[in-house]
2 protein chains.
Amino acid sequence: MLKISELSKKTGLTAHTLRYYEKHGLINASNRSEAGYRFYTDSDVRRVQFVKTARNTGFSLEDIGQLLSIRVDKLSHSCQEVTDITRKKLDEVSAKLTELQSMQQTLQLLLESCCGGPENATHCSIMEALDAGLLLDREAASRTEQQGETK
Amino acid sequence: MLKISELSKKTGLTAHTLRYYEKHGLINASNRSEAGYRFYTDSDVRRVQFVKTARNTGFSLEDIGQLLSIRVDKLSHSCQEVTDITRKKLDEVSAKLTELQSMQQTLQLLLESCCGGPENATHCSIMEALDAGLLLDREAASRTEQQGETK
DNA sequence: TATAAGCTTAGAGTTAACTCTAAGGTCAAC
DNA sequence: GTTGACCTTAGAGTTAACTCTAAGCTTATA
Ligand SMILES: [Zn+2]
Ligand SMILES: [Zn+2]
Ligand SMILES: [Zn+2]
Ligand SMILES: [Zn+2]
């Protein structure tokens, strides 16, 4: 039987977060002391670790709530339900990934185009690209910046 | 001179968002009608488009505030200031990307390991992997699932 | 027994970027 | 001259997942 601070140490989640998860129905302390202190069983600990693992995998607390419902009554739930949740999350992650990759590429091109030096920004190709709606390709940006540098 | 709804159409930002940006010091309407209606000049429009482009590139509104300060007085700012902002954002994006890629891989492995079928989830390898803290590799997960399938 | 550390609760605050509402003034058209 | 579309403001609500605070018990240690 662990007290909340002990569970906190064991899981790396703060006591605040554990109480937050409890308030939101994800976890529970099986027992309480007479004074009301939470006491966690091994089973409670495993549930918390499940939540933490799912969290690290990217699932939202709402997703995790569903996964936990399945976990406690696997006979009443199918693999398909589990994959539905997983695939939905994968799709979200993939979409976000695509968006971020596009941003990364744009930012890299911007950085490559700019001299990054201490002179004033009147010739800055990053500013120009943002002004132009990022229509410049790498070469055009580079050309523009060089004009500034060499003038 | 455009009214706010016209600027909205032109930029794809809602009138609400445009007022929000104004409240936060990013943009402004150069003129107002006697009744207080906002009127935007071409210069205002270009500034809004700059904001939108920077936003699409991933910059926060705070970043954009700094970029705008540079934009209106390029002589007092250096390319280095611009690249500092850009590199910081690139680093953030790259970090997030790494995190999401790890999630994506985990989710893909989970999906590959699970049959996704209509039978009950007592044998589900996704649930097992989450229970085990995702220590299972692809083969182990697959083996586990197959045991369930073939019994 | 007194001090400190740890526990309890309800509830407020944080973050970013919107998003929306209410209450009312303005303007063009019919 | 009255709809109806559009504009104004201040300010509240949204989202997710915490994060923290206050006020007050409890427990362990010296
Ligand atoms: Zn330069
Ligand atoms: Zn530059
Ligand atoms: Zn299965
Ligand atoms: Zn399965």
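Residue numbers begin at 1 in each chain, while the letters A, B, ... track the order of the sequences.
- Across all strands shown, A/Thr14 has no heavy atoms under 4.0 Å from either base or sugar-phosphate atoms.
- Between A/Ser5 and C/dC7 there is a side-chain polar atom (N or O) within less than 4.0 angstrom of OP1 or OP2.
- In this structure, a donor-acceptor pair under 3.5 Å is present between the side chains of B/Ser60 and B/Asp63.
- In this entry the distance linking NE2 of A/His16 with C1' of D/dA22 reads 11 Å, nearest Å.
- Atom CG in B/Leu2 sits about 15 Å away from atom P in D/dC6, given to the nearest Å.
- Rounded to an integer number of Å, the gap from B/Lys9 NZ to D/dC7 C1' is 13 Å.
- Under a cut-off of 6.0 angstrom, the local environment of NZ in A/Lys10 is sparse, with at most 12 non-hydrogen atoms contributed by other residues, nucleotides or ligands.
- If you check C/dG25, D/dT8, D/dT27 against the side chain of B/Tyr37, the one that comes closest is C/dG25.
- Dashed line: the shortest gap from a side-chain N or O of A/Arg38 to OP1 or OP2 of C/dT8 is under 4.0 Å.
- Considering only side-chain N and O atoms, A/Tyr20 lies nowhere under 4.0 angstrom from the phosphate OP1 or OP2 of D/dC20.
- Dashed line: the shortest gap from a side-chain N or O of B/Tyr21 to OP1 or OP2 of C/dC18 is under 4.0 Å.
- A donor-acceptor contact shorter than 3.5 Å is absent between the side chain of B/Thr83 and the backbone of A/Leu111.
- Going from atom CG of A/Leu13 over to atom P of D/dA17 covers 14 Å, rounded to whole Å.
- Within 4.0 Å of B/Arg19, counting heavy atoms only, lies at least one base atom of the nucleic acid.
- Comparing A/Ile4 and B/Leu61 along DNA chain C, the residue whose closest nucleotide (by nearest heavy atom) sits nearer the 5' end is A/Ile4.
- Out of C/dT21, C/dT9, C/dA17, the shortest distance to the side chain of B/Ser60 is found at C/dA17.
- Distance CD (B/Glu34) to P (D/dC6): 22 Å, rounded to an integer number of Å.
- Ranking C/dT9, C/dC18, D/dT8 by closeness to the A/Arg32 side chain, first place goes to C/dT9.
- A straight line from OH of A/Tyr40 to P of C/dG6 spans 16 Å, rounded to a whole angstrom.
- Heavy atoms of B/Phe39 sit nowhere under 4.0 angstrom from any nucleic acid atom.
- Take the nearest nucleotide of DNA chain D for A/Arg55 and for A/Lys3: the residue whose nucleotide is more 5' is A/Arg55.
- Atom CG of B/Asn56 and atom P of C/dC18 are 10 Å apart (whole Å).
- Following rounding to the nearest Å, A/Lys52 (NZ) and D/dA17 (C1') show an atom-to-atom distance of 16 Å.
- Figure legend: A/Arg71 and A/Phe50 shown as a cation-pi pair, the cationic atom lying under 6.0 angstrom from the six-membered ring centre and within 45 degrees of its axis.
- No side-chain donor from either of B/Thr53 and B/Asn56 sits under 3.5 Å from a side-chain acceptor of the other.
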